[in-house]
Amino acid sequence: MEKARRLWVRLAWAYGLLLAFGVFFVGPFAMGFLASLKANPLEWPFSFRFAQVSPKNWVAAWRLGLEGGGNPWLGGMVPGREVVLEVAYFSPEGQEPTLLAQISRRKPGAGMGAVFETPYAADHVRLEGPVRVEARPAQLGDREGMVYRYRLRLFYPGEGPVLERVPLDLEVPRGVVLVGASLDPTRLERRGRVASWDNVVPGLLGYVFHNYLRAFRETRSLETGESLFLRWTLNSFFLAALKVLTTLIFASMAGYALARMRFPGKHALFLFMLFSMMVPAQVTFISNYLVLKDGIFGLSRLFGVETLLNTYTGLVLSGLVGAGAVFLMKQFFESIPREVEEAALIDGATPLGILFRIVLPMSTPALGALAILTFQGTWNEFFWPLVVLTSPREIYTLPLGLLSFRNAYGQVGDWGLILAGGFLSMIPVLVLFALFQRYFVEGPSLGAVKE
């Protein structure tokens, strides 16, 4: 009996530790995602019950988006459409309150969003109401009073532009409390007297993932109007894919040469490569910067390019392959039996033929792990692109773009968009790891197993 009790205690400790580790590592990830959905991500104390996770609001956002612009996902409003919004207020004195409603003239956001000229919904959309549709006795807490339900009609007559958003403000006297609405307001201001909607025709995605849509809509180029966030994402994909390709090719060739071929200075070269892994990038970045600034000792001028700064060519050439990648492939190639290559030599295969036709097909786990690690490292790389890519903003990678988010929105406390951008930047790495986790686990350890 005592032995069984000790066993259960140990199991409880193990389970508790695993649970603590899970909360420690996954908790910030989940909290960051939930905060990115909120209109006020700095809300304290943090609440898990907010408007964007309410199914009632999902249904309302879908309906309003469909009625306003015919798009239940992204919402908006087009000419000829109308939407109806209902709200309910509790009046403790039993007298009908004065309800002031207006379609406000507000910019879509702070930072980059405040720069662009966009049509104001107040210039095109008309507001009818509020019209009282119900009055009934009610109790709110220990207070007796009346609940009044109102209906507001917003319609878009004539011709005009497509509106991405229709903001609305409702103001009531002090003491009157909002107790319900077809769609919960984005925020309550002036101690609850003003209920404010950033968009009464948001659509489902526009309501739940409002900050995520802002990341694409508000961060646009002043010259071309294209989405900078989308451009930064594509830039990161392009550079990561190119870096993976060059790393796999050169690391395989160098690793195979160090593992199997004999040539003078092989061991010295390997030791030098190991030494280069110990040197931090911050130590060599000034010399590397000067080399790129001069176009690699002036060689780029042969192609009409004065400098390789602010070019992807400079960024790629300075990081074609890393010493760690060569080391990983060398160790894996050494675990492959020599008899396989010797059989290929007897059949007349050349060293390159053995590498590409015999060895690399057997190295899928190592190549998969190396591809994942390289993609992740390039995708998240910040310091070196910050040095090389300074202007224009269209050539930024995603981490540099998030830094510009921080500079543009952090100063005004608009952290929701920054959180959304940070979470979006994590998704490709998570998807890649989920799809190829088998290679990630097998790759570094398979060499030791096959020896």
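Numbers here are sequence positions counted from 1.
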- If you take all heavy atoms of Leu248 and Leu367, which pair is closest and at what distance?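 Minimum heavy-atom contact is CD2-O, 3.7 Å.
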- Task: Could you check Val131 against Tyr150 for side chain to side chain contact (heavy atoms under 4.5 Å, CB included), going step by step and ending with a plain yes or no?
- Result: CA-CA 5 Å; Val131 177; Tyr150 299 94; over 6 Å; no
Sub-4.5 Å side-chain heavy-atom contact between [X] and [Y]:
{"X": "Leu299", "Y": "Leu302", "answer": "yes"}
{"X": "Tyr256", "Y": "Ile354", "answer": "yes"}
{"X": "Trp197", "Y": "Leu170", "answer": "yes"}
{"X": "Ser391", "Y": "Asn310", "answer": "yes"}
{"X": "Gln376", "Y": "Leu432", "answer": "no"}
{"X": "Leu308", "Y": "Ser318", "answer": "no"}
{"X": "Pro428", "Y": "Thr233", "answer": "no"}
{"X": "Phe237", "Y": "Phe375", "answer": "yes"}

- Query: Who are the ring-ring contact (aromatic ring centres under 6.0 Å, His included) partners of Phe155, not counting sequence neighbours?
  - Reply: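 Counting only residues at least two positions away or on another chain, Phe155 forms no ring-ring contact (aromatic ring centres under 6.0 Å, His included).
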- Among all residues two or more places apart in sequence or in another chain, which pass the side-chain hydrogen bond (donor to acceptor under 3.5 Å, both in side chains) test with Ser221?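 Only Glu223, Thr224, Glu394 meet the side-chain hydrogen bond (donor to acceptor under 3.5 Å, both in side chains) criterion with Ser221.
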Residues that [X] engages under salt bridge (charged side-chain N to carboxylate O under 4.0 Å, His left out), provided they are two or more places apart:
{"X": "Asp294", "value": "none"}
{"X": "Glu67", "value": "Arg63"}
{"X": "Arg105", "value": "Asp123"}

- Message: What verdict does the side chain to side chain contact (heavy atoms under 4.5 Å, CB included) test give for Leu328 and Phe332, after you've listed the backbone C-alpha separation in whole Å, the side-chain angles of each residue and the deciding distance to 0.1 Å?
- Response: CA-CA 6 Å; Leu328 177 66; Phe332 186 84; 5.9 Å; no
For [X] and [Y], take the angle between the two ring planes, folded into 0 to 90°, and tell me which bin it lands in: parallel under 30, tilted 30 to 60, perpendicular over 60.
{"X": "Phe209", "Y": "Phe33", "result": "tilted"}
{"X": "Phe238", "Y": "Tyr312", "result": "tilted"}
{"X": "Tyr156", "Y": "His124", "result": "tilted"}

- Under the side chain to side chain contact (heavy atoms under 4.5 Å, CB included) criterion, do Val244 and Thr378 qualify, and how do the steps go? CA-CA 9 Å; Val244 168; Thr378 308; 5.8 Å; no
- Are the charged groups of Arg187 and Glu189 less than 4.0 angstrom apart, N to O?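 Judged by the 4.0 Å cut-off on N to carboxylate O distance, Arg187 and Glu189 do form a salt bridge.
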- Any Lys/Arg nitrogen of Arg220 or Glu226 sitting under 4.0 Å from an Asp/Glu carboxylate oxygen of the other? no
- Step-by-step side chain to side chain contact (heavy atoms under 4.5 Å, CB included) determination, Thr307 to Leu292: CA-CA 6 Å; Thr307 177; Leu292 291 183; 5.8 Å; no
Per-pair distances, 0.1 Å, donor-acceptor, side chain in residues 51-61, under 3.5 Å, sequence neighbours excluded:
unit_1	atom_1	unit_2	atom_2	d
Ser54	OG	Lys56	N	3.4
Lys56	NZ	Ala181	O	3.0
Lys56	NZ	Asp184	OD1	2.9
Asn57	OD1	Asp184	N	3.1
Asn57	ND2	Ala51	O	3.0
Asn57	ND2	Asp184	OD2	3.0
Trp58	NE1	Gln52	O	2.8

Taking atom [atom1] as the centre, does [X] end up with more than 12 heavy-atom neighbours from other residues, nucleotides or ligands that are less than 6.0 angstrom away?
{"X": "Met261", "atom1": "CE", "value": "no"}
{"X": "Arg190", "atom1": "CZ", "value": "no"}
{"X": "Met253", "atom1": "CE", "value": "no"}
{"X": "Phe272", "atom1": "CZ", "value": "no"}
{"X": "Gln282", "atom1": "CD", "value": "yes"}

- Would you tell me whether Asn235 and Thr397 have side-chain atoms, one donor and one acceptor, within less than 3.5 Å of each other?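 On atom types as modelled, these side chains do not qualify, holding no pair under 3.5 Å.
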- Query: Aromatic ring centroids of Tyr148 and Tyr89 under 6.0 Å?
  - Reply: no
- Query: Could you give the distance from CD1 (Ile395) to OG1 (Thr390), rounded to the nearest 0.5 Å?
  - Reply: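 Spacing of CD1 (Ile395) from OG1 (Thr390) equals 6.5 Å.
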- Query: So how far is it from Asp169 CG to Ile103 CD1, rounded to the nearest 0.5 Å?
  - Reply: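 Here the interatomic distance stands at 10.0 Å.
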- Message: Please identify which of these residues, Arg406, Arg214, Lys38, meets the salt bridge (Lys or Arg N to Asp or Glu O under 4.0 Å) condition with Asp414.
- Response: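 Checked Arg406, Arg214, Lys38 against Asp414; only one passes salt bridge (Lys or Arg N to Asp or Glu O under 4.0 Å): Arg214.
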